[in-house]
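Right, one structure below, let's go through it.
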Amino acid sequence: SAEGAARPAPAMARDAGDAAEACRRLAAYDHDPDRRGVLPVAAEAMDAEGARRACTRAVAADPSDAAAAFHLARAHWRLGEGEIARHFLDGAEAAGHAGAAFVLGRMHHVGLGVARDHRRAARHYLAAARAGAPAGVAGLVALYSDPASPTYDPAKAQVLTRNPFALWMRHREAAEF
């Protein structure tokens, strides 16, 4: 080989990249700000078994890939495997994945597969918003605007409605959200 010529990536790295790409293509989520150029896949249109296979390979190749873990959770959820899905959602959120945080917030907000818990929902929505998911802000506004919710706080809802970037501000009031 000529000096300075690019070498092909090792087969294992290429396979991992292929698995991660297939995973994202098969299970991309519309409220995921990390989706980057991949069209979202509606849950009912998802090839859940194909997504599970691809995403399992992607997570096995790179356990730190929070996006692959999130997509694997979507596939498991679609296959009716809620406990496994929540395991991967928790891990993806812990790694800072905004989409996973939003989904966990939504689950707790409406009681989807978990006990309805608006305070937990608010924590997940806040994590999603701070990680860059606008849907997290919308979730917080919905919780703060609901008089039946223990998180009801119309002043916070109004602040977020007028200035969704308040969550990223670095002052005392932002910490209280």
So if you build clusters from Ile, Leu, Val, Met, Phe, Trp, Tyr with side-chain heavy-atom gaps below 4.5 Å, do [X] and [Y] land together?
{"X": "Leu104", "Y": "Leu126", "value": "yes"}
{"X": "Val137", "Y": "Val110", "value": "yes"}
{"X": "Val103", "Y": "Val59", "value": "no"}
{"X": "Phe88", "Y": "Leu112", "value": "no"}
{"X": "Tyr125", "Y": "Leu160", "value": "yes"}

Provide the closest heavy-atom pair for [X] versus [Y] in the form atom of the first, atom of the second, distance.
{"X": "Tyr144", "Y": "Tyr152", "value": "O-CD1, 3.3 Å"}
{"X": "Ala48", "Y": "Ala75", "value": "O-CB, 3.6 Å"}
{"X": "Pro147", "Y": "Ser145", "value": "CD-O, 3.1 Å"}
{"X": "Thr151", "Y": "Ala122", "value": "CG2-CB, 4.4 Å"}
{"X": "His71", "Y": "Cys55", "value": "CB-SG, 3.6 Å"}
{"X": "Ala128", "Y": "Ala101", "value": "N-CB, 3.5 Å"}

Hey, does [Y] have a side-chain heavy atom less than 4.5 Å from the side chain of [X]?
{"X": "Glu81", "Y": "Arg52", "answer": "yes"}
{"X": "His87", "Y": "Glu83", "answer": "no"}
{"X": "His109", "Y": "Leu143", "answer": "yes"}
{"X": "Met107", "Y": "His124", "answer": "no"}

Query raised in the report: ring-ring contact (aromatic ring centres under 6.0 Å, His included) between His118 and His108: does it pass, once the steps are laid out?
Result: CA-CA 6 Å; His118 285 183; His108 286 284; over 10 Å; no

Query raised in the report: Which residues satisfy the ring pair (Phe, Tyr, Trp, His ring centres under 6.0 Å) test with His97, sequence neighbours excluded?
Result: Phe70

Query raised in the report: Hey, mind stepping through Arg24 and Glu21 against salt bridge (charged side-chain N to carboxylate O under 4.0 Å, His left out) and telling me if it holds?
Result: CA-CA 5 Å; Arg24 284 163 179 72; Glu21 179 57 34; 5.9 Å; no

Query raised in the report: Do any N or O atoms from the side chain of Arg74 and from the backbone of Val41 form a donor-acceptor pair under 3.5 angstrom?
Result: yes

Query raised in the report: So, does Arg78 use its side chain to make a donor-acceptor pair with the main chain of Ala27 at under 3.5 Å?
Result: no

Report summary line: To the nearest 0.5 Å, atom CG of Leu89 lies from atom CG of Leu72 at 9.5 Å

Requested in this report: Hey, could you give me the SG/CG distance between Cys23 and Asp18, rounded to the nearest 0.5 Å?
Outcome: 12.5 Å

Requested in this report: Answer yes or no: are there more than 12 heavy-atom neighbours, outside Arg120 itself, under 6.0 Å from its atom CZ?
Outcome: no

